[in-house]
Participant: 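Before I ask anything, here is the structure I am working with.
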Amino acid sequence: QQAAGLPIEDWLTLQPSSTQKSGDDAPGSALPSFLLSPIGPPAAGLAFFLVAAGLGVAASLGAGLEWDSTLPAGRALPEIGAAADILLVAPITEEIFFRGWLLRATEKANLSQSLRIGASALLFAVWHVGAGDSPLFFAGLGAYLAYLHQRSDGSLGLCIGTHATYNLAITLLRAVRA
């Protein structure tokens, strides 16, 4: 963080960074204002979950498979420690790293917004290899969270809440399917 010149007040708050871009590369204004309200993160997380599940079902049907063959496999509800990790620790730590630090660091390196979002999404997917779901879902979630971060002037709260809500929805879907 210090090597990249990113003081904690810069990357953990809604304050725009000192290296903001202009024009098409500028964050802000593309998101509806309700997304920065308390209902925004759960709404964004559920929206991604529904779109991802819908695309999975459509892909299954399009390939002539059972409608639910691309949805995550069933799994019992996790124990309290694992649930805390899935619903709190992972969203907080992953968002601080992938969006709070990585996106800001690549911004300081003057990479385009598309490259920043793509790199964040790719690394997010690689981080989750072996988690049991398709890397495409993780790349999509990573890109979505990076986009939300960029367009909200760096709101980690929006990303953490969205990520936690998505994890909750997937955990509940797995439990229903178990």
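All residue numbers refer to positions in the sequence shown, counting from 1. Note that the structure is a prediction, hence the values are computed from the model and not measured.
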Participant: Does D68 have any salt bridge (charged side-chain N to carboxylate O under 4.0 Å, His left out) partners at least two apart in sequence or in another chain, and if so, which?
Facilitator: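 D68 satisfies salt bridge (charged side-chain N to carboxylate O under 4.0 Å, His left out) with R177 once adjacent residues are dropped.
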
Participant: List in chain and number order the residues that pass ring pair (Phe, Tyr, Trp, His ring centres under 6.0 Å) with Y166, two or more places apart in sequence or in another chain; answer none if no residue qualifies.
Facilitator: F48

Participant: Are S155 and L148 close enough that some pair of their side-chain heavy atoms sits under 4.5 Å apart?
Facilitator: no

Participant: Please name the residue in the list F124, F98, Y144 that meets the ring pair (Phe, Tyr, Trp, His ring centres under 6.0 Å) test with H163.
Facilitator: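 When F124, F98, Y144 are each tested with H163, the ring pair (Phe, Tyr, Trp, His ring centres under 6.0 Å) holds only for F124.
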
Participant: Indicate the atoms forming the closest heavy-atom contact of S60 with E66, along with that distance.
Facilitator: CB-O, 3.2 Å

Participant: Using every non-hydrogen atom in the two residues, find where L103 and I117 come nearest and quote the distance to one decimal.
Facilitator: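 Heavy atoms only, the tightest pair is CD2-N, 4.2 Å.
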
Participant: Heavy atoms, side chains only, cut-off 4.5 Å: are F138 and V126 in contact?
Facilitator: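 Result no, sub-4.5 Å side-chain heavy-atom pair not found.
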
Participant: Please give me the minimum heavy-atom distance between P135 and A125, naming the atom from each residue.
Facilitator: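 Where P135 meets A125 most closely, the heavy atoms are O-CB, 3.6 Å.
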
Participant: Does I160 reach the side chain of P41, with side-chain heavy atoms less than 4.5 Å apart?
Facilitator: no

Participant: Apply the hydrophobic cluster definition, ILVMFWY joined by side-chain contacts under 4.5 Å directly or through others, and give me every member besides L61.
Facilitator: V57, W67, L71

Participant: Please name the pair of heavy atoms, one in R104 and one in D153, separated by the smallest distance, quoted to 0.1 Å.
Facilitator: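 Smallest interatomic distance, heavy atoms only, reads NH2-O, 3.8 Å.
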
Participant: Using every non-hydrogen atom in the two residues, find where I86 and N167 come nearest and quote the distance to one decimal.
Facilitator: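 The answer is O-ND2, 2.8 Å.
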
Participant: Run the side-chain contact (heavy atoms from CB on, under 4.5 Å) test on T106 and L115 for me, step by step, so that the C-alpha distance in whole Å, both residues' side-chain angles and the decisive distance to 0.1 Å come before the verdict.
Facilitator: CA-CA 9 Å; T106 56; L115 280 176; over 6 Å; no

Participant: Cluster question for you: counting only ILVMFWY and a side-chain heavy-atom cut-off of under 4.5 Å, with indirect links fine, are L158 and L46 together?
Facilitator: no

Participant: Do H149 and R116 touch side chain to side chain, with heavy atoms closer than 4.5 Å?
Facilitator: no

Participant: Over all heavy atoms of both residues, which pair between P38 and P42 is shortest? Give the atoms and the distance, please.
Facilitator: O-CD, 3.5 Å

